[in-house]
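First the structure, in the form of structure tokens, and then the observations on it.
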Amino acid sequence: MSTTPPRTGGTPAVGQAARRVLSDEPRRAPFFASAIDGAPRWVAGVLCALQGALLSLLVLVVPALVAYVATSADPSNEGVGWLRSVGVGASLWLLGHGVPMSVGGVSVSLVPLGVTALAVFSCYASARRSGVASGSGLGAGVAAYVLVAVLVALGVGVGGGALALVVLGSAAVATTGLGSGLLARPEAPAWREVSRPVWSRVPAPARVGAAAGALAVAVLVLLAAVLASVWVLAGRATVTDLVRALNLDVIGGSVLAVTELTYVPNLVVWAFCWIAGPGFAVGDGSRFAPAEVVAVPLPTVPVLGSLPTPDAAGGAMTYVPVLVVLVGALVGWSVHRRLHATRARDVLVALGALAVTAGAVSALLVRLAAGAIGPGSMAVVGGTPWVVAAAVAGGVLLGASLLAVPADPMVRSFASRRRASRTVPGAATAGGSSAAERTPAAEGSAAAEGPAARA
């Protein structure tokens, strides 16, 4: 006897939609509802830009305010107001956007690439978190960021032609950060689809070569980061002595450490110039290169104690630029694998695009990491862009040519036909054309027609 209780109610319907239950109780608003829900998309872009600008600005202004509060009791700082400390942090923020900073009547134009990276990342994180992927959102965000930068510049006394640098630098930072952040949104289209109208007009060999050139620079920057780390470890004793010579307190040491961290990416680019061969300068008349190191008296800045010494140059270090050729061979293999050549000259077009891209990106990096950090000899800091670009472009082109050209099947086929035409001059096919002039397409069609003719 079954112990199952009798079924009550109607038979449940399968596949039917659930009934809507009407109630007189008012619906509650979502807990996380926002006052801007349903606002135009450009509003979200403006808010993302404001958030990114303020975050990166506060990272520099807050330590300056802390240093002011810690030293306000010092009689020597009696006439210094807190607005001046805010101006120092804001000027350093603008310097990261390419706007020269005046320190004691001396112009400092060496861009702290760490500040630039911080501003780009702040915009990226803000847009990725709360942005809306749209053209109006990006345009409004860039405009808002530029407006904030202009207001900050006017607040610290920047005027005249320097405002043009404020607009250009802040627009470049905002476009890079906000654009990449919006493209990382779930609803955003893929970058390949967005850039299709541009790259689809470029021949395939040139696209493959440009991608390989960017890859070559990325690998060289990675090697430069490793080399810069070795320099810092090797010069840690000198850096420690310089810090002790400054006799700073905890607050002063922390502010100095934050400031020097913003220039660590510059040190990596200088190591990039070292690997390329031409090297870089820190002071007029100095040279830091694998072949030789010629140093001049430097200011008491701890990070400069990690620069290579004369013992680190010459001898086996002279062959360091061979790394550029090896990296060129590596990306040359990438060209060989990715390029589907239909003509023998396609590989030459790809190699030309590789060299041009590697040289152009290298020149941009070196230019961003060069400038002035003081008067006199300190007005020359960094590498020479066109010299480093020529060395990188020539090195990667040589390495890629040594691997990509002999390995390309079209080049080998063209060379074999040339040798055959020289061995049997005047040899002609049934159609009257010489064997050297037959294209791969004609040979393939002839091979396909052969079995059909025999059938």
Is it the case that the side chain of [X] and the backbone of [Y] share a donor-acceptor pair, with hydrogens and angles ignored and the cut-off at 3.5 Å?
X	Y	value
E260	V303	yes
D284	A379	no
Y263	L110	yes
S134	G137	yes
T116	G96	yes
T262	T259	yes

For the student: nearest non-hydrogen atoms of [X] and [Y], plus distance:
X	Y	result
L339	V347	CD2-CA, 3.7 Å
V293	P310	CB-CA, 3.7 Å
R192	W199	O-NE1, 3.1 Å
L182	A188	O-CB, 3.1 Å
A289	P278	CB-O, 3.8 Å
G89	V61	C-CG2, 4.1 Å

Got a second to check how far [X]'s [atom1] is from [Y]'s [atom2], nearest 0.5 Å?
X	Y	atom1	atom2	answer
L168	L163	CG	CG	11.0 Å
L58	L65	CG	CG	9.5 Å
S107	I373	OG	CD1	12.0 Å
M101	L94	CE	CG	9.5 Å
L220	L323	CG	CG	8.0 Å
L304	M378	CG	CE	7.5 Å

Side chain to side chain contact (heavy atoms under 4.5 Å, CB included) assessment of L307 paired with L267: CA-CA 9 Å; L307 295 178; L267 183 62; 4.1 Å; yes

Any pair counted as side chain to side chain donor-acceptor pair (under 3.5 Å), so long as it reaches residues 164-186, sequence neighbours left out: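 Side chain to side chain donor-acceptor pair (under 3.5 Å) check on residues 164-186 returns R185-E187.
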
Can you confirm whether [X] sits close enough to [Y] that some side-chain heavy atom of one is under 4.5 Å from a side-chain heavy atom of the other?
X	Y	answer
Q51	S130	yes
V108	S91	no
V388	T384	no
V396	V324	yes
V268	L113	no
L368	V269	no
V366	W386	no

Partners passing ring pair (Phe, Tyr, Trp, His ring centres under 6.0 Å) against F272 (at least two apart in sequence or in another chain):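 With sequence neighbours excluded, F272 shows a ring pair (Phe, Tyr, Trp, His ring centres under 6.0 Å) to no residue whatsoever.
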
By side-chain contact (heavy atoms from CB on, under 4.5 Å) - contacts of R236 (at least two apart):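 Checked R236 against side-chain contact (heavy atoms from CB on, under 4.5 Å); matches are L233.
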
Neighbour count >12 (heavy atoms, 6.0 Å) for atom CH2, W191: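 For W191, atom CH2 is not crowded (no more than 12 foreign heavy atoms under 6.0 Å).
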
side-chain hydrogen bond (donor to acceptor under 3.5 Å, both in side chains) partners for [X], two or more places apart:
X	answer
R196	E193
W93	S56
R287	E292

Test side chain to side chain contact (heavy atoms under 4.5 Å, CB included) applied to V320 and L227, step by step: CA-CA 11 Å; V320 166; L227 178 60; 5.9 Å; no

Plane angle bin for W231 and F280 - parallel if under 30°, tilted between 30 and 60°, otherwise perpendicular: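 Aromatic pair F280/W231 classed tilted.
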
Worked check of side chain to side chain contact (heavy atoms under 4.5 Å, CB included) between T300 and L246: CA-CA 8 Å; T300 308; L246 292 175; 3.7 Å; yes

Derivation of the side chain to side chain contact (heavy atoms under 4.5 Å, CB included) call for V59 and L55: CA-CA 6 Å; V59 169; L55 280 176; 5.7 Å; no

